[in-house]
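Read through the structure below, which is laid out as structure tokens, and then see the notes.
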Amino acid sequence: MSNTGDQNNPFSVPQPPPGYGPTPAQQNPYARPIPQGTPPGAPPAAPRGPGGYGYPGHPAAGSPGIPGAAGAPAAPGVLGAPGVPGLPRAAYGAPSGGIPGGTARRGVSGWLWALGGAVAATAIGTSVMFATGAFSSAPDPELKGYAFRDDLCAATSLTPFENAHYKAKPNTGGSTGSGSGSGPSSPPNPQHSGSRMNSMDSMWCNISLTPETTGTNGYSSTWVYNSVTLHKKADPGPEFADTYRSYEKQQTSISYKVEPVSGIGDEAYLVTRSDTPGSNNSRYVILAVRDGWMTYQSTWSSYTPSSGNGKPPSSAEIATMLESSAKETFKRLRG
């Protein structure tokens, strides 16, 4: 059987009816669609992450999170991270570029500087306090108003001796020599001296006295030795009593009697020499007084010949004169 025309090919592309224009190109189902507005030939935009499938989306670096976007909540801001809104970096000392941890490092550095400054200030203050003696354990001297005098003789009261008919021997000598005070080579009368040292101030006065009843043919010698020490570094109290109690311990042919005296200073002692028989015309008496850190000693030493006119005072009378003179002298030293 013969057929007119071509046989239909079941595998051929169907032809459109006439009047419909050219045949369109075949579509590639695997081709990536080009978004609208993208110029031809430009690289396609990077695909978004799985945020469109309900997972939290993460904005690209440098773009802030978009709060409220469906299916893509904004990432929480990281303080100091670039492009993330939050408190200004400058307020926290963050370096440019938002280096994580910059704030913490600057904070630690500031504390180290502050600690170093405090340690340095403490060291300087401690050095000053050591230099000025603020840490010294030595107590302050208790001088009770007593002051150093260049001339202790000017502050010594002679009234009790004058009332007992003694007077200072006239000063007829020069500045050197020795003797009874009657020659040109005799030392000056009274004599005084003093020195100021770091640990103590000391002063002394020696006065030669003569009784008014002494005859021209008799020889007599009477001296009053006064000394004052202002202790500035060490308290003399613990050793003061033993200094004079030791007179009783002397193993010599001369013995002494030591007894306390009340009513003068913080403590006082009277030391009296017990002379041997036949020396009744010789007297030696010491009055020692401590008042705070001031120590005072007044010593009477006399010799009266048996052929002389008048009777020498007793040891008790001498002690009374020394005490009266000391009390008035103390007032002058505090004045």
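The pair D266-K144 meets the salt-bridge criterion, since a charged nitrogen lies less than 4.0 angstrom from a carboxylate oxygen. Ionic pairing of E328 and R332 is present here: one or more N-O contacts between side-chain nitrogen and carboxylate oxygen are shorter than 4.0 angstrom.
In this structure K257 satisfies the salt bridge (Lys or Arg N to Asp or Glu O under 4.0 Å) test with no other residue, sequence neighbours excluded. Scanning for salt bridge (Lys or Arg N to Asp or Glu O under 4.0 Å) contacts around D235 gives an empty result, with sequence neighbours left out.
Cluster annotation: I286 is connected to V258 through the hydrophobic network of ILVMFWY side chains, with a link wherever side-chain heavy atoms come within less than 4.5 Å. When the side chains of ILVMFWY residues are joined at heavy-atom separations under 4.5 Å, either directly or via intervening members, W204 and M200 end up in two distinct hydrophobic clusters.
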Legend entry - side chain to side chain contact (heavy atoms under 4.5 Å, CB included) between V224 and S298, intermediate numbers included: CA-CA 7 Å; V224 174; S298 183; 4.0 Å; yes

Inset, instruction - Output, in order, the C-alpha distance, side-chain angles, deciding distance and verdict of ring pair (Phe, Tyr, Trp, His ring centres under 6.0 Å) for W293 and F240. - result: CA-CA 10 Å; W293 287 27; F240 185 75; over 10 Å; no

Inset, instruction - Determine, step by step, whether W300 and Y225 satisfy the side chain to side chain contact (heavy atoms under 4.5 Å, CB included) criterion, reporting the C-alpha distance in whole Å, the side-chain angles of both residues, the deciding distance to 0.1 Å, and the verdict. - result: CA-CA 7 Å; W300 172 289; Y225 308 94; over 6 Å; no

Inset, instruction - Assess whether side-chain hydrogen bond (donor to acceptor under 3.5 Å, both in side chains) is satisfied between Y244 and Q297, documenting all intermediate values. - result: CA-CA 11 Å; Y244 295 95; Q297 178 175 313; 2.7 Å; yes

Inset, instruction - Give the intermediate values and the outcome of side chain to side chain contact (heavy atoms under 4.5 Å, CB included) for residues Y256 and T272. - result: CA-CA 6 Å; Y256 295 88; T272 304; over 6 Å; no

Inset, instruction - Run the numbers on T304 and S220 for side-chain hydrogen bond (donor to acceptor under 3.5 Å, both in side chains), then give the verdict. - result: CA-CA 5 Å; T304 303; S220 66; 5.7 Å; no

Inset, instruction - Please test L333 against V228 for side chain to side chain contact (heavy atoms under 4.5 Å, CB included), starting from the C-alpha separation and ending with a verdict. - result: CA-CA 10 Å; L333 290 175; V228 176; 4.0 Å; yes

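Residues Y269 and L287 form no side-chain contact, since every pair of their non-hydrogen atoms from C-beta on lies 4.5 Å or further apart. Side-chain contact between P236 and R290 is present, with at least one heavy-atom pair separated by less than 4.5 Å. Using a 4.5 Å cut-off on side-chain heavy atoms (C-beta onward), R273 and V285 make no contact. Proximity of T222 to Y166: side-chain heavy atoms (C-beta onward) are separated by under 4.5 Å at one or more points. Side-chain contact between N206 and W223 is present, with at least one heavy-atom pair separated by less than 4.5 Å. Annotation: side chain of R245 is not in contact with side chain of V271 (no heavy-atom distance under 4.5 Å).
For the pair M197 and K232, the tightest heavy-atom approach, listed with the atom from each and the gap, is O-NZ, 2.6 Å. Closest approach of L230 to Y146, counting heavy atoms only: CD2-CB, 3.8 Å. Smallest separation of non-hydrogen atoms from V289 and G265: CG1-CA, 4.0 Å. Across A147 and M203, no two heavy atoms sit closer than the pair O-CE, 3.7 Å.
One finds the CZ atom of R149 at 10.5 Å from the OG1 atom of T329 (value rounded to the nearest 0.5 Å). The distance from atom CD of E323 to atom OG of S262, rounded to the nearest 0.5 Å, is 8.0 Å. In this structure, CG on D201 lies 6.0 Å from CZ on F148, to the nearest 0.5 angstrom. Here the OG-CD1 distance, from S301 to I318, works out to 9.5 Å after rounding to the nearest 0.5 Å. One distance of note links CD of Q191 with CG of D151; it measures 11.5 Å at 0.5 Å rounding.
In this structure, R196 contributes its side chain and N198 its backbone to no donor-acceptor pair below 3.5 Å. In terms of modelled atom types and a separation under 3.5 Å, the side chain of E212 and the main chain of K167 share no donor-acceptor contact. In this structure, the side chain of T229 does not engage the main chain of H231 through any donor-acceptor pair within 3.5 Å. Under a 3.5 Å cut-off, the side chain of R283 and the backbone N or O of P313 do form a donor-acceptor pair. Formation of a donor-acceptor pair under 3.5 Å by the N189 side chain with backbone atoms of K169 is found in this model. Proximity of a side-chain donor or acceptor of T320 to a complementary backbone N or O of A316 within less than 3.5 Å is detected. For the pair S325 (side chain) and L322 (backbone), a donor-acceptor distance under 3.5 Å is absent.
Residues D291 and Y296 have side chains that never bring a donor and an acceptor to within less than 3.5 angstrom of each other.
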Could you tabulate the donor-acceptor pairs under 3.5 Å formed by side-chain atoms of residues 155-163, not counting sequence neighbours?
| unit_1 | atom_1 | unit_2 | atom_2 | d |
| --- | --- | --- | --- | --- |
| T156 | OG1 | L152 | O | 2.8 |
| N163 | ND2 | T159 | O | 3.4 |

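E239 CD: 12 or fewer foreign heavy atoms inside a 6.0 Å radius.
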